[in-house]
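Read the structure below first, then the notes.
Counting starts at 1 for both ligands and their atoms, following the listed order. Positions are given from 1 along the sequence. Everything quoted here is computed from the prediction, not taken from an experiment. The analysis underlying the following values was restricted to heavy atoms, covering all of them including side chains, and did not include hydrogens, waters or symmetry mates.
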Amino acid sequence: MGKILVFAEHTNGKLKRSSIELLQAAAKSGNTVSAVVFGSHAADVAAAAGQNGANEVHLFKDASLDAYNPELFTANIASAVEKIQPSIILASASSVGKDLFPRVAARLGAGVASDCTELTISGDSVTATKPMYSGKCFAKVGFENASLKIVLMRANQLPVAAADAGKSASVVEQAVAKPDLKTLIKEIVKGTSEKLDLTEANIIVGGGRGLKEAANFKILNDLADVLGATVGASRAVVDAGWVGHGMQVGQTGKTVAPSLYIAVGISGAIQHLAGMSGSKVIVAINNDPNAPIFQKATYGIVGDALEIVPKLTEEFKKALHH
Ligand SMILES: Cc1cc2nc3c(=O)[nH]c(=O)nc-3n(C[C@H](O)[C@H](O)[C@H](O)COP(=O)(O)OP(=O)(O)OC[C@H]3O[C@@H](n4cnc5c(N)ncnc54)[C@H](O)[C@@H]3O)c2cc1C
């Protein structure tokens, strides 16, 4: 058996669900699981990484690794690979993962499969499935002539079991590589949202042009608050300037796979479906019974969203807060 390096992403020391998925999948394969954690809060992640399947946790504890810098992260992943000698790297197909690991692959002569939705590990060989042409077909990807194989998985694709509080990992503090940088992050301006990022959200309420005007997004925010959901949007309303591009779901927006996606006043154009058809349960609210979204929906409500959504919010409030 070989070693699997899992790049464990976290938010201020809280392990992301997408990384928990990877740690548990790696642990199931019977390989040794080495979690690599970056940033000043890295040590806070060690216990959770162990409880979710890591055998060892390698901490690259330094404030310079708090914000993503491609050169710095590439150098430190390369140094982790040198120390750990994994045959497989698993990481999230997050915006960081998708930028970082092709660089790592180029530097180390590794193979990389990005944006995958299924994963099979057998010994030190790995195959993955990735959607192509906006999900119209699926490619099975294997590796040849690559001693290091990198798979980037979309979030919410792998099952997550409860953490095992009885398990722990050995913790190794690693020296942080500080190469001369050609680019520097000067400042990070945070968005105002405290909600989970769309790609990590378990429940999403998506709004489209059927909401009529920007102000009506308030009824989606109210519903999302009650459900603990994140609000997304179609491109039509992003282009109209009702909401920011960070909220766009679809081919030219974010790809999401929550347990529940509630599409409100969204027609279900192929480019929107490309971003959300992997959702486990889809509820569509639309006043046109022939809207294409109903062909993908698990449940459909035909009617005026502006009337239905506030009623749903009231009912969920009663059902969930008693
Ligand atoms: C290259 C390319 C990339 C694209 N990428 C994306 C992408 O990433 N994401 C994306 O979303 N789109 C994308 N699009 C745009 C896409 O083709 C659609 O135009 C867009 O998704 C439509 O948004 P919508 O469903 O909000 O609006 P519409 O298609 O106008 O649909 C509005 C829906 O609301 C319903 N409705 C109206 N009034 C009410 C009411 N009172 N109550 C309930 N329902 C009501 C209508 O019946 C209709 O079905 C892309 C297009 C191209 C060409």
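Closest to atom 27 (O) of ligand 1 among all protein heavy atoms lies Arg209 CB, 3.5 Å. Among all non-hydrogen protein atoms, the one lying nearest atom 29 (O) of ligand 1 is Ser267 OG, 2.7 Å.
Salt bridge status for Lys130 with Glu118: absent, with no side-chain N to carboxylate O gap under 4.0 Å. Of the charged side-chain nitrogens involved, none lies within less than 4.0 Å of a carboxylate oxygen, so that Lys311 and Glu314 do not count as a salt-bridged pair.
Distances shorter than 4.0 angstrom do not occur between any heavy atom of Val237 and any atom of ligand 1.
Across Thr255, Asp288, Asn286, heavy-atom proximity to atom 46 (C) of ligand 1 is greatest for Asn286. The closest heavy-atom contact to atom 16 (C) of ligand 1, among the options Met276, Gln271, Glu307, comes from Gln271.
Residue contacts with ligand 1 for Ser234 involve both N, CA, C or O and side-chain atoms from C-beta outward (heavy atoms, distance under 4.0 Å). Contacts between Val249 and ligand 1, counted as non-hydrogen atom pairs separated by less than 4.0 Å, involve the backbone only.
Note that the CD atom of Glu200 and the OG atom of Ser92 stand 8.0 Å from one another [nearest 0.5 Å].
Listed by atom number, the atoms of ligand 1 under 4.0 Å from Gly250 heavy atoms are 7 (C), 8 (O), 9 (N). Near Gly208, the atoms of ligand 1 lying under 4.0 angstrom from a non-hydrogen atom of the residue are 26 (O).
Under the salt bridge (Lys or Arg N to Asp or Glu O under 4.0 Å) criterion, Asp44 pairs with no residue at all, not counting sequence neighbours.
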Show which side-chain atoms of residues 211-228 pair as donor or acceptor with protein atoms under 3.5 Å away, not counting sequence neighbours.
from	atom 1	to	atom 2	distance (Å)
Asn216	ND2	Leu211	O	2.7
Lys218	NZ	Asp222	OD1	3.4
Lys218	NZ	Asp222	OD2	2.8
Asp225	OD1	Lys195	NZ	2.9

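Contact check for Glu307 versus Asp304: side-chain heavy atoms found under the 4.5 Å cut-off.
There is no protein heavy atom less than 4.0 angstrom from atom 19 (O) of ligand 1.
With no hydrogens or angles considered, a side-chain donor-acceptor pair links Ser259 and Asn202 at under 3.5 Å.
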